[in-house]
Amino acid sequence: MTETAAIELKGVSKAFGPVQANKDISIRVMPGTIHGIIGENGAGKSTLMSILYGFYKADSGEILINGKPTEIPDSQAAIAAGIGMVFQHFKLVQNFSVLENVILGAEDGPMLQPSLRKARGVLKHLAEEYELQVDPDALIEDLSVGHQQRVEILKALYREADILILDEPTGVLTPAEADHLFRILKGLREEGKTIILITHKLREIMEITDTVSVMRRGEMTATVKTSETSPEELAELMVGRKVLLRVDKAPANPGKPVLEVENLHHIDEAGVERLKGISLNVRAGEIVGIAGVSGNGQSELMRVLGGYGHATGSIRVNGEELDLTGKHSDGQSRRARGIGHVPEDRHHEGLILDYSAWENMVFGYHRGPETGSGVLMDNKAIKAEAQAKMDRFDVRPPNPWLSAKNFSGGNQQKIVLAREIERNPDLLLIGQPTRGVDIGAIEFIHQQIVQLRDAGKAILLVSVELDEIMSLSDRIAVMFDGEIMGERLPAETNQTELGLLMAGVTDTNVAQTKEQTNG
Amino acid sequence: MDKMPAWADAVLVPLISILLAAGISALVILAIGENPVEAFMIMVKEALSTSRGIGYTLYYATNFIFTGLAVSVAFHARMFNIGGEGQAMMGGLGVALVCLYVPWPHWTLALFGAAAISALFGAAWAYIPAYLQAKRGSHIVITTIMFNFIAFSVLNYILVNVLRPQGSMDPATAKFPEATFLPTFQSMFSTADNVMFRNAPANVTFFVALAACVAVYFLIWRTRLGYEIRAFGHSETGARYAGISPVKITIVSMLISGGLAGMMALNTTMGEAERLVLNATEGAGFIGIAVALMGRSHPFGILLAALLFGFMYQGGSELAFWTNIPQQLIIVIQALVILFTGALDNMVRMPLEKLFLSIRKGDA
Amino acid sequence: DPALIYDLGGKFDKSFNEAAFGGAERWAQETGGTYKDIEIQSEAQREQALRRFAEAGFNPVVTTGFAIAGSIDAVAADYPDTKFVTIDGWVDPDKHSNVVSILFSEHEGSYLVGMMAGMASESNTVGFIGGMDIPLIRKFACGYAQGVVAANPDAKVVSNMTGTTPAAWNDPVKGSELARAQISQGADVIYAAAGGTGIGVLQTAAKENILSIGVDSNQNHMHPGQVLTSMLKRVDVAVFDSMTAGADLETGTVKVFGLAEEGVGYALDENNAPLVSDEMKAAVDAAREQIIAGDLKVHDYSSDDSCPVLKF
Amino acid sequence: MDLNTIIQVLDSSIRLSTPLLLACLAGLFSERAGIFDIGLEGKMLIAAFFSAAITFTSGNVWLGLLAGIGASLALSAIHGLASITFRGNQLISGVALNFLASGLTVLIAQNWFKQGGRTPTIPEEQRFQEITLPFADALRDIPLLGPIYSDLLSGHSALAYIAFAMVPLTWWVLFRTRFGLRLRAVGEAPDAVDTAGVSVVGLRFAAVAICGVLCGVAGAYLATSLQAGFVKEMTAGRGYIALAALIFAKWRPWYALIACLLFGFLQAVALRFQNIDLGGIVIPVQAMEALPYILTVVILAGFVGKAIPPRAGGEPYVKER
Ligand SMILES: Nc1ncnc2c1ncn2[C@@H]1O[C@H](COP(=O)(O)OP(=O)(O)OP(=O)(O)O)[C@@H](O)[C@H]1O
Ligand SMILES: Nc1ncnc2c1ncn2[C@@H]1O[C@H](COP(=O)(O)OP(=O)(O)OP(=O)(O)O)[C@@H](O)[C@H]1O
Ligand SMILES: [Mg+2]
Ligand SMILES: [Mg+2]
């Protein structure tokens, strides 16, 4: 090879205490290419990139930028070397404006105003050049994740990065947002910038990357040209076994309605009406998927159904009316009614990260009879239960004593699923079941959901992944701006039609269906 | 997958930290021209080697156990209860009222009655800050600080104008009736020919404190309520999801916390002074913060930290008897112990972790 | 050897504990003897200290502060060979023959300085600043107010307390502000009975060019020419006498140190001489004689928890 | 109530507010950077002692001020070491430093001056002098504005004016400078600052140092401006009140000014109006004493919403475990 690589890592190793996160990793990334990195949860992808960005320090190994050996002891050095990084968990100051976030650390002088003024101009220019529109004065906490990500990219571009690292950028994006992102990335590649992309979605790898590296258990196991490989091969390289990339399920056999929602309204703490008269039903043995761009009320709907959001209207479960505002309107009484809930945010809702796995296994059910009698909890029984469930759901490591925070995202998700599914709920609410989860785990999670359906349970699924909605659901409802825009059967619709509905576009055809479902 | 064995973290780190604190204390003692070794010997001898010394050590420790537990319970629900001082003061008021005005037939009943009322008064004093935090979002740190000041005023008024016996110069209540006197360690453990704990103030309340440790342990790690308190403390959004009411947990945990602080009065007011005096709490409410933090909010840790502070209190006052070391030096030593064991523990832990890791690597 | 136990405020409270220390030091210097002393830090230590000293053979054991009386009452019987002195406290002499209680007639001393304040005041308004609202301080205030009114029937007494927490005795900043508040209400003489807080009162009075009155020990020197006088409470004398008597100390009694015994009084030295007119001195000395003779009765607040001229 | 009384009460409020304000702003810098500090009390105390001690011995009050700041900075350094370098518990460290200051001041004072944990009285002319603003005497006779200017605004010590000037300065630093932007960011999201290539440790130490300087000024104000010497425990809980004011102010400079003035005002009122006679019933002094604290709670509950502290506050920044 005569061409110098934009980035070359030689023998990089990194241990976190006893955990060897990266083992002797070498990799070359050519300039002007998009280089994908895939691997299971916890394989060490983020760690490797964080080393490249100077966030962590490697224990050993060498980094070459454009052929020159470069020390990257901190992010300052990485930025100086022309590297920009968009972290999996954004590194933004929530109550700062976009502009402030962009200039943070890259100010021009001790005074703020000139920097802000300059940045406003540059941002306008960048926005035009790369379709990266965001309101420079908006606060981060008011932005959607998609926009937050734009800010992260803008931050890197503002620092004139030539090398851009993106760690699971599409994990939280809607398909439209993801497409938009890819257009931007392609544009950047055309400009000669080098991009490293970490993702769990093989479709994205195939669609946009030039080369792809596979990591397993801290090691770099393969680097291949994208054009010379296939999703199946990559999946196998990643997981070490054959993976089913499609959901395998029999036709649904719906029974009586389990969940009946009528004219549901919800106003959030800021006084904004988030649900504007939702009507919906889910029958036994059926998966109803709710598609929609995030932020259109799906989260609120799940919360209201799960018992921790006040609402007006009517919700019936197995024919019985639920209390929506009174004493029995909380998560515990919903669970008592046979409603399970896998929340979309496993870190802030589904799990107590500082609790051990066994404690998390009864989270929300800790007042139930199966956790002991009287005021005391029967910790021994709970631990045994937890161990059994972890074994059944193949949670790794199968150690109930480990804190939830020490499991990888996929395994955290399995813990939540095990808790909710194993209780055999009549109705299971699932939000974003595979967000940030590797393909091996996705396969497993999808199987569990289908099995539950086949056992005659009702399932309401919310996901921003259209693929997931299309392949799992027996019926699809599309939400837009707090309303259900329409329902479709997966076999009779396509991504384009759903995409239009998700954008709030209704043609006559769409209007008709709406009539039907409501009537 | 820990970086070092649990025993090292639990024993070695605090031990080395205390040694460091002791080392610096020794330098300070040298600086004022006294002999640190001798001073240390006196502390150990007078606080730990005689039953009487132990009686004093345990007496002080009892106070710190109660206030430490109080702080810890609120802490588990992620609330910082600085109001232990005021709550303990109110607990004392409750104790004084029941001891003075209820004709108790026997001390056991009196102890139960006083325990209940002290907890009730302490909890009541914690209730308003708790309610305001839960319902109005008023920061518990401010409100509990304010309630300490208010408690001082209330007690000052009541003792000077209401409960003080006529003609007494002392802003204190009358002596409680004899039926409410609690058995001291001396009366409990002495035999006919062997007097133990002679005249030491340690009394049966110490066992109440131990029981409180056990009760708090069960509450926090064995009950559903404790599970909810900890869950809420770790993540409020998580608690909402699980159907745990933030309002309820905030209020209930503060009530328990205030109740525990209030029960400290059993030891000082009923067990030792046998009357309510103006400054009965003597800052134990604040020491409780240090005790709870050093004990990592675990009842067993709190017990150990309380004993350590009891030792420093007793050993320190003995130092003042036997040497020319002023009382303020004891405060400095306390500060150093708190600093090294509580805040600078990582200074010890980090190198130790490295050491253990390299040992393990060497083995592998 | 004798031993000395200070009350919670500590040896150097610039007030009566410090006076006790002064008495002990004087004793040590004059006799060449040695004594042991301790500042207690907590309630439980009172008894501990008493027993410690008694068992170690110290005699007499002198204590300051009213709060220790209860502890002496509890321990005295256990050490019949030890003599205990409680300064400011009261222990039943019929019950314990080895205890002597020494009480001061602070109201009488305060009466005298009150008279001086009443006469020195041009605005007919004088102030009193106490540390905490406790009976002892009321006793000071009440005696003072009676003296003011006696000397100047038109005068008004403004009385304030510093606080309710232990910090009330150590908050000179608040003392300053209270002094200013009283000055703004017209006070031109202020009597401070507030420990360390009083330092702030004296300081501000001096700065604002009004007169102040110190307490317990002679504080005239703190701002020469600006402290009208100090109400002396000769705790030092009580300690000195007790230590001098040593093992021969007469116990089983209650001694009252009043004007007659020179236990209380007012300070006159070169620092305040220009401030005290002959007329003032004459009047005060006359009153002093009358009180000693029993012709003039100063009401003692602690006798019935009330004060004829001042409301609390 | 006449104008004069009002002005006197307000004047007193200003003096009582000043140390609170300095300590409050000190806490603001520290906590905005994510380092909680309940050691304000201890820093003020040690600064009060050293400023008084050095002023007395050197006869130069500015040297005293420097010494006070130095002592306060030393405690800040320990706090920084514990909570930034060694990622210790910030609350414990603060508690410990309060104890340390309380013990050390008396110990050293006794050792140096043998006056029982006090410093000797500083001669009047060596203290911070009250500054008469220009034309203060000439303008006094103008109705209303005259007294306000001449009696209320004029006649405070340099440190008081510094304290009040610190409010806009703090605002300006926090919201108009690069340093302020980074400081606020590090208290909200230290990882964002870190990945932006700015040192979290450096920023936090800077904030803690500023906190030390301001506490130093506060202590010096108490001992060499309001008073003429040090008395043990003379801060009398003001550090805790300042902390309460900081939360009250929701960690904002102008609100801090309002909160501290409010606290000072309530105290001034309680001091000025003791023994109010309501037709025979004299309000007990204890009630007036408690009034500022009761009102604080009422105001907090009634008018001030939830105070959200800086998000990363109190937590050490750990990137690798
Ligand atoms: N800060 C850290 N401290 C300790 N261990 C860590 C840390 N970050 C990562 N690890 C460990 O290093 C290993 C690699 O983690 P890393 O985050 O790099 O995985 P990943 O490939 O990015 O996973 P994912 O696909 O879930 O994002 C894991 O076993 C993890 O437990
Ligand atoms: N600071 C840390 N200390 C210990 N382990 C860590 C730390 N940060 C991350 N990890 C571990 O690294 C692994 C991967 O971390 P990462 O942050 O990439 O999460 P993830 O697995 O992608 O989950 P999610 O996508 O839900 O955030 C997990 O095992 C996680 O527990
Ligand atoms: Mg990752
Ligand atoms: Mg991930």
Side-chain angles (χ1 to χ4, degrees), chain A residues 14-17 19 21 47 50-51 53-57 59 72-81 83-87 89-97 99-116 140-141 151-152 155-156 158-159 165 269 403 405-406, chain D residues 28 31-34 87 89 168-207 210 250-253 255 305-321:
Chain A
K14 169 78 188 169
F16 293 110
V19 179
T47 305
S50 299
I51 288 170
Y53 190 64
F55 192 61
Y56 294 149
K57 263 187 80 171
D59 300 333
I72 307 190
D74 53 27
S75 303
Q76 183 91 63
I79 294 167
I83 304 175
M85 176 150 175
V86 178
F87 284 84
H89 301 283
F90 301 148
K91 309 284 183 197
L92 295 170
V93 184
Q94 287 295 316
N95 58 357
F96 275 20
S97 71
L99 219 48
E100 287 172 321
N101 267 288
V102 167
I103 63 165
L104 180 65
E107 308 88 344
D108 292 311
M111 292 304 122
L112 222 44
Q113 293 306 329
S115 306
L116 286 170
I140 297 298
E141 58 199 358
V151 178
E152 283 284 21
K155 261 168 73 175
Y158 185 76
R159 287 163 173 74
I165 305 167
E269 279 166 12
S403 304
K405 62 169 180 262
N406 291 324
Chain D
L28 192 145
E31 302 208 349
R32 274 282 188 166
R87 303 174 204 154
N89 186 310
L169 186 65
T170 302
W171 175 85
W172 182 80
V173 167
L174 279 185
F175 296 101
R176 285 291 175 270
T177 68
R178 171 175 70 189
F179 175 70
L181 181 81
R182 294 176 172 186
L183 186 99
R184 284 182 291 133
V186 84
E188 293 285 336
D191 53 344
V193 173
D194 195 3
T195 53
V198 182
S199 160
V200 172
V201 169
L203 273 174
R204 289 193 160 170
F205 264 107
I210 296 175
K250 300 183 175 178
W251 294 269
R252 291 181 213 183
Y255 287 21
K306 201 167 176 155
I308 298 166
R311 258 165 264 226
E315 297 289 334
Y317 176 55
V318 185
K319 49 180 185 179
E320 296 184 30
R321 265 175 276 181

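Labels below follow one simple rule: chain letters A, B, ... track the order of the sequence lines, proteins then strands, and each chain is numbered from 1.
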- Pick from A:Ser115, A:Ala77, A:Gly109 with the largest number of heavy-atom pairs that fall under 4.5 Å of chain D: A:Gly109
- Query: Of all of D:Asp194, D:Val198, D:Thr195, which one pairs up most often with chain A through heavy atoms under 4.5 Å apart?
  - Reply: D:Thr195
- Query: If you tally heavy-atom pairs under 4.5 Å against chain A, which of D:Gly180, D:Ala189, D:Ala185 wins?
  - Reply: D:Ala185
- Item | Part of D:Arg184 lying under 4.5 Å from any heavy atom of chain A | both
- Query: Donor-acceptor pair, A:Lys14 side chain versus A:Tyr56 backbone, under 3.5 Å?
  - Reply: no
- Query: Is there a donor-acceptor pair closer than 3.5 Å between any side-chain N or O of A:Ser97 and the backbone N or O of A:Glu100?
  - Reply: yes
- Task: Using the test salt bridge (Lys or Arg N to Asp or Glu O under 4.0 Å), find all partners of D:Arg176 that sit at least two apart in sequence or belong to another chain.
- Result: none
- Item | Contact origin within A:Leu104 toward chain D - heavy atom pairs under 4.5 Å | both
- Message: Taking side chain as everything from C-beta outward and backbone as N, CA, C, O, which of these in A:Asn101 sits under 4.5 Å from a heavy atom of chain D? Side chain, backbone, both or neither.
- Response: neither
- Message: Using a 6.0 Å cut-off, check whether atom CZ of D:Phe205 has over 12 heavy atoms from anything other than its own residue.
- Response: yes
- Item | Option among D:Val193, D:Leu183, D:Val186 that satisfies the side-chain contact (heavy atoms from CB on, under 4.5 Å) test with D:Arg204 | D:Val186
